Amino acid sequence: MCDRTCLKIEEIDNFIESIQKKSTDLFSCFEKIALHNQQKVLAAFRQNKIALRHFSGSSGYAYDDIGREALSKVFAHTFNKESAIVSPLFGSGTHTIAVALFGLTRPNDTILSISGKVYDTLQKVIKGNCGSLNEYGIKFESVNLTEQTEFDFDKIKNSINKYNPSIVYIQRAKGYEWRKALTVGQINEVAKFIKKITDASIIVDNCYGEFTEFEEPDVNLIMGSLIKNPGGGFALTGGYIAGDRNLIEKIGSRYSAPGLGFDIGANPYGYQYYFQGFFMAPHVVLQAMKAAALFSEVFSTLGYKTLGAISTDEISKSQKPLTQSDITCAIKFNSAEELIKFCQSIQAVSPVDSHVVPVPSPMPGYKNEVIMASGSFVQGSSIELSADAPIREPYIAYFQGGLTYEHAKIALKEVLLNILK
């Protein structure tokens with residue numbers, strides 16, 4: 001390890017290449033995962049006989065929209081779930097999750113989060129002053145993870161006995177927290193434990209985690225955004241919910257209206273980009289995972305604290321394939337100024353709006369000012385090279401995405417040049 005003062009500008013290229021060479025075994029593990037997931041997606045396309053006619057748009061009530069129906073079947077088949085709702089009418093991951101929570105709960109129900117505090121934008125969904133869950137008499141309780149980012153089984157059991165929740169909620173990714181993403185193995189283990197105690201539905205916020213491991217969580221419901229992993233950089237908007245058929249039917253009544261469910265919802269612009277993005281997603285996620293690992297290892301070597309990506313030391317000691325379980329890398333900086341400079345450097349090497357300088361600003365759903373660098377083809381797309389951070393101590397930037405690994409390498413060099421200068 002060295003700090004940034006020992007790295008000279010003319011040495012940056014060789015330094016990055018040395019870290020890449022050190023990461024060969026880790027990247028090989030990621031490639032095996034991508035191949036496995038590509039096989040799953042291809043099988044789903046073939047099984048459901050996807051054809052050009054499924055790309056056409058719809059209008060009006062959109063009854064018998066074969067594109068909408070086929071896309072949902074492909075997601076359900078790939079994720080090994082009974083049914084799915086996949087729609088461009090979801091405005092974000094938060095919107096998607098909110099629809100699921102409102103669809104599954106009733107007044108006086110309790111939701112129990114067993115992964116601690118939920119992502120910032122969900123706070124007002126839970127307890128706001130304009131139609132929140134709390135206003136409908138739906139309670140929200142939480143159990144924190146242990147310091148080692150493990151589920152606290154004893155506290156989970158006690159909380160289930162105390163609150164008798166109808167929903168057990170898990171957030172897979174770290175959000176704006178300093179912790180690793182939860183692995184599918186961890187989630188499946190705690191799900192088996194919970195099912196022995198209660199018949200509550202176990203649901204997972206799967207954002208940033210799709211296709212980072214060989215399988216998705218084996219729970220009652222998973223949900224996420226299409227401008228993250230499963231959109232593959234092609235989807236222009238939207239979200240998905242996949243799980244048990246009876247739960248999807250309940251959510252369908254909230255998605256549109258009781259009695260109508262997922263049988264309506266026009267998309268005049270067609271479904272090609274959604275099918276194409278989902279097909280490309282395993283490969284694009286591979287690029288993002290390699291990018292996160294490279295950034296993490298480089299900044300760790302330079303003396304910064306990083307979290308999220310697996311280190312090359314971990315991979316060399318492991319007897320089995322490892323993965324990082326989401327596409328994000330958290331980097332802890334020494335000051336707000338340094339954090340802002342990092343995000344501005346990411347923006348400056350983006351293909352879109354590279355001339356724009358992002359600054360901390362108030363954002364809907366966040367308590368602190370947030371800086372967001374996302375010079376992306378799709379506004380706010382997190383599967384494209386991007387970085388964001390709330391301006392609060394500790395000063396942590398959350399880096400993610402990259403449609404191509406080559407772009408990430410170019411960006412990394414530019415970021416290091418700016419920091420060294």
Side-chain angles (χ1 to χ4, degrees), residues 1-2 7 12-38 149 172-174 178-185 207-214 228-229 232-233 281-333 342 345-346 349 382-388 396-416 419:
M1 179 187 295
C2 69
L7 179 63
I12 288 178
D13 283 330
N14 289 337
F15 175 62
I16 292 174
E17 290 302 320
S18 70
I19 297 296
Q20 178 179 267
K21 186 175 180 180
K22 187 180 176 184
S23 304
T24 300
D25 290 342
L26 179 60
F27 288 179
S28 178
C29 289
F30 293 167
E31 288 160 5
K32 291 175 183 176
I33 292 167
L35 176 61
H36 175 79
N37 285 319
Q38 192 69 70
T149 317
R172 182 172 172 180
K174 64 181 70 63
W178 185 255
R179 70 165 174 86
K180 289 187 175 182
L182 296 167
T183 67
V184 171
C207 285
Y208 299 102
E210 298 90 351
F211 299 128
T212 61
E213 297 198 48
F214 286 101
K228 296 182 175 66
N229 301 23
H283 176 73
V284 174
V285 169
L286 168 63
Q287 309 305 299
M289 291 171 67
K290 290 170 67 176
L294 185 69
F295 267 72
S296 182
E297 192 71 19
V298 162
F299 276 89
S300 177
T301 303
L302 292 176
Y304 293 88
K305 290 184 179 179
T306 66
L307 194 62
I310 293 174
S311 70
T312 53
D313 289 337
E314 286 179 286
I315 198 72
S316 64
K317 294 175 183 177
S318 177
Q319 300 299 312
K320 59 182 180 179
L322 292 177
T323 187
Q324 54 207 41
S325 202
D326 76 355
I327 62 168
T328 67
C329 162
I331 305 169
K332 190 177 289 188
F333 289 98
F342 172 83
S345 299
I346 294 293
V349 75
S382 300
I383 193 59
E384 300 183 55
L385 197 75
S386 55
D388 51 278
I396 302 169
Y398 297 86
F399 167 84
Q400 62 272 319
L403 297 180
T404 71
Y405 174 67
E406 292 76 13
H407 178 209
K409 283 184 66 178
I410 296 167
L412 178 57
K413 179 180 179 179
E414 293 286 334
V415 169
L416 292 179
I419 288 177

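Bear in mind that the values here come from a model prediction, so they are computed numbers and not experimental data.
When all heavy atoms are compared, the tightest approach of Ala293 to Phe30 is CB-CE1, 4.1 Å. Here the closest non-hydrogen pair linking Gly401 and Ala291 is O-CB, 3.7 Å. Among all heavy-atom pairs drawn from Ile396 and Ala330, the shortest one is CG2-CB, 3.8 Å. Residues Ile346 and Ala387 share a closest heavy-atom pair of CG1-CB, 4.1 Å. Scanning both residues, Pro282 and Phe211, for their nearest heavy atoms gives N-CD1, 4.2 Å.
Note on Lys409 versus Glu17: salt bridge recorded, some NZ/NE/NH1/NH2 to OD/OE distance being below 4.0 Å. In summary, Arg172 and Asp326 do not engage in a salt bridge, as defined by a charged side-chain N under 4.0 Å from a carboxylate O.
Side-chain atoms of His407 come within 3.5 Å of backbone N or O of Val349 as a donor-acceptor pair. Thr301 places a side-chain N or O within donor-acceptor distance of the main-chain N or O of Glu297, the cut-off being under 3.5 Å. Although no hydrogens or angles enter the test, the distance criterion places a donor-acceptor pair under 3.5 Å between the side chain of Ser386 and the main chain of Glu384. Listed for the Ser296 side chain is no donor-acceptor partner under 3.5 Å among the backbone atoms of Ala292. Judged purely by atom type and a 3.5 angstrom limit, Asn229 uses its side chain to pair as donor or acceptor with the backbone of Tyr208. The backbone N or O of Phe214 sits less than 3.5 Å from a side-chain atom of His36, completing a donor-acceptor pair. Of the possible polar contacts, one joining the Arg179 side chain to the Ala173 backbone as a donor-acceptor pair under 3.5 Å is found. Gln400 contributes no side-chain N or O that, together with a main-chain N or O of Ser382, makes up a donor-acceptor pair within less than 3.5 Å.
Side chains of Glu213 and Ser325: a donor-acceptor N/O pair is present below 3.5 angstrom, by distance only. Side-chain contact of Lys332 with Thr306: a donor-acceptor pair under 3.5 Å is absent, judged by distance alone.
Rounding to the nearest 0.5 Å places CG of Asn14 at 12.0 Å from CD1 of Ile19. Note that OG1 of Thr328 is 9.5 Å distant from CG of Asp388, once rounded to the nearest 0.5 Å. Summarising the geometry, atom CZ belonging to Phe295 is positioned 4.5 Å from atom CG belonging to Leu412; distances are rounded to the nearest 0.5 Å. If you take CG on Leu385 and OH on Tyr405, they are separated by 12.5 Å, rounding to the nearest 0.5 Å. Distance CD/Gln324 to SG/Cys29: 11.0 Å, rounded to 0.5 Å. Note that the CG atom of Leu416 and the CD1 atom of Ile16 stand 5.5 Å from one another [nearest 0.5 Å].
Between Val285 and Glu210 the shortest side-chain heavy-atom distance does not fall below 4.5 Å. Between Lys180 and Leu307 there is a side-chain heavy-atom pair separated by less than 4.5 Å.
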Stepwise side-chain contact (heavy atoms from CB on, under 4.5 Å) check, Thr212 with Met289: CA-CA 8 Å; Thr212 61; Met289 291 171 67; 4.0 Å; yes
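The side chain to side chain contact (heavy atoms under 4.5 Å, CB included) check on Glu31 picks up Phe27, Leu286, Lys290, with sequence neighbours excluded. Partners of Thr149 by side-chain hydrogen bond (donor to acceptor under 3.5 Å, both in side chains), not counting sequence neighbours: none found.
Taking the six-membered ring where tryptophan is involved, the planes of Phe299 and Phe342 are perpendicular, since the angle between them exceeds 60° and thus also 30°.
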